Amino acid sequence: MANIHPNVKQVLYTEDDIKQRVAQMGKMIEADYKDSKELVFIGILKGSFMFMSDLVRSVHLPNTLVSLDFMSISSYGHSTSSSGVVKINMDLKESIEGKDVIVVEDIIDSGLTLKHLLGMLHDRLPRSINTCVLLRKKEGLKTDVPIKYLGFDIPMVFIIGYGLDFAERYREIPYLGELKEECYKTA
Ligand code: PRP
């Protein structure tokens, strides 16, 4: 593959790998929601922006009222590990009451953020709520969190690109790569 970023140790999933998997996920969502009247995709910023954009373009539900909304959240406390207590920086624009909801996340590590978020969204009385997650670090999980649609299980490496950052860098990279250790470890 041409033009690999110099700080990338190895490419985990190419643009083509991602495209194929997202298309499969879109097909599954289409089948499951073909009778839905109103479906809202909720993208959790910032990491999910690229995945959300590709995912919704792969879902064709002409008889459903499909809409998109976004939330920006951050975890209280430690910057490197999730506390599971979520602070809402930017809330949804529309009510989700009575609607089918799919929460779109880029990555699950401990699972604590998504677990807490699902609790908050349940209280807003959606008709149904499911999750669509591109990447899961299975060994990082600290809680049982339901993932209805999963892209890939990944090892415990520092992954960047396709929306995922390190200190706000690398989100624009179109593939998923492992960041070189010297880029995040200080001596
Ligand atoms: C990532 C991801 C989840 C959370 C997962 O967001 O999008 O929200 O971390 O971690 P957890 O499973 O251990 O709780 P991040 O805080 O990196 O923000 P960003 O999406 O703006 O990059």
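Index from 1, following the sequence. Small disclaimer: the values here were computed from a predicted structure and weren't measured. Note that ligands are numbered from 1 as they come in the structure, with each ligand's atoms numbered from 1 the same way.
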* To do: Any atoms of ligand 1 less than 4.0 Å from a non-hydrogen atom of L45? List them with their elements.
  => 20 (O), 21 (O)

* **Per-atom contacts of ligand 1 with G111, taking only distances under 4.0 Å to non-hydrogen atoms** => 11 (P), 12 (O), 13 (O)

* **Atoms in ligand 1 with a heavy atom of D106 nearer than 4.0 Å** => 2 (C), 7 (O)

* Considering the heavy atoms of D165, write down every atom of ligand 1 situated less than 4.0 Å from one of them. => 22 (O)

* For the side chain to side chain contact (heavy atoms under 4.5 Å, CB included) test, which of V145, I73, L121, V86 pairs with H116? -> V86

* Asked: Where's the contact between M71 and ligand 1, heavy-atom distance under 4.0 Å: side chain, backbone, both or neither?
  -> neither

* Below 3.5 angstrom, do we get any N/O pair linking I73 and ligand 1? -> no

* To do: Report the part of I107 in contact with ligand 1, treating N, CA, C, O as backbone and CB onward as side chain, heavy atoms under 4.0 Å; options are side chain, backbone, both, neither.
  => both

* Just which atoms of ligand 1 are under 4.0 Å from any heavy atom in S110? -> 11 (P), 12 (O), 13 (O), 14 (O)

* Of the backbone atoms (N, CA, C, O) and the side-chain heavy atoms from C-beta on, which set of I44 has a member under 4.0 Å from an atom of ligand 1: side chain, backbone, both, or neither? -> neither

* Asked: For the side chain of R21 and the backbone of G151, is there at least one donor-acceptor N/O pair under 3.5 Å apart?
  -> yes

* Asked: Partners of T64 by side-chain hydrogen bond (donor to acceptor under 3.5 Å, both in side chains), sequence neighbours excluded?
  -> none

* Any side-chain donor-acceptor pair under 3.5 Å between D100 and S36? -> yes

* For ligand 1, is K137 a contact, meaning one of its heavy atoms is under 4.0 Å away? -> no

* Asked: So, Y13 versus Y175, ring centres under 6.0 angstrom or not?
  -> no

* When you check the side-chain N and O atoms of Y162 and D106, is any donor under 3.5 Å from an acceptor? -> no

* Could you tell me whether the side chain of N130 and the main chain of K148 form a donor-acceptor pair under 3.5 Å? => no

* **Numbered atoms and elements of ligand 1 in range of T113, under 4.0 angstrom, heavy atoms** => 4 (C), 8 (O), 10 (O), 11 (P), 14 (O)

